[in-house]
Amino acid sequence: MDNAVALNGKSTRPGVYKCRDCRKPFSVTVGTVFERSKIPLHKWLLANHMLSSGKKARAATRFTARLE
């Protein structure tokens, strides 16, 4: 991230950077499967952790309740 600067304006959401080369804004999810998701990144990471750390299969309703 040598060629990027954080945008810190009132109208800019947290986590947005600006490329110094092309001058376009971007976030850390660009180029990943999370790029166009409406689900917040912290919920994706929690779900991934829950799925990978559990030994037993989890019920969908229990899984959903823990994510909300």
Side-chain angles (χ1 to χ4, degrees):
M1 295 221 344
D2 294 334
N3 289 338
V5 61
L7 296 178
N8 296 322
K10 287 185 178 181
S11 63
T12 307
R13 60 185 165 84
V16 177
Y17 297 90
K18 184 176 182 179
C19 176
R20 290 182 181 167
D21 295 334
C22 67
R23 298 183 178 171
K24 291 185 179 180
F26 67 94
S27 69
V28 296
T29 59
V30 171
T32 68
V33 295
F34 309 112
E35 183 173 4
R36 296 195 180 259
S37 176
K38 296 200 181 219
I39 299 171
L41 185 60
H42 73 276
K43 286 192 178 186
W44 276 113
L45 296 176
L46 177 60
N48 187 24
H49 172 71
M50 288 171 58
L51 288 171
S52 63
S53 66
K55 293 181 182 177
K56 297 180 182 178
R58 300 196 188 275
T61 53
R62 185 172 147 207
F63 186 72
T64 304
R66 291 207 46 205
L67 286 176
E68 291 179 353

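Residue numbers run from 1 in the order of the sequence given.
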Subject >> Heavy-atom closest pair, residues Glu35 and Gly31 >> reply: OE1-N, 3.3 Å
Original post:
How long is the span from the OG1 atom in Thr32 to the CH2 atom in Trp44, to the nearest 0.5 Å?
Top reply: 10.5 Å
**OP:** Identify whether Ile39 and Leu45 are in the same connected component of the hydrophobic contact network (ILVMFWY, side-chain heavy atoms under 4.5 Å).
**Re:** yes
**OP:** Quick one: pull up OG in Ser27 and CG in Leu7 and give me the separation to the nearest 0.5 Å.
**Re:** 11.0 Å
Original post:
Should Tyr17 and Val30 be counted in the same cluster of Ile, Leu, Val, Met, Phe, Trp and Tyr side chains packed under 4.5 Å apart?
Top reply: yes
Subject >> Heavy-atom pair of closest approach, residues Arg23 and Lys18 >> reply: O-CE, 3.6 Å
**OP:** Considering non-hydrogen atoms only, spot the tightest contact between Phe26 and Cys19 and give its length.
**Re:** CE2-N, 3.7 Å
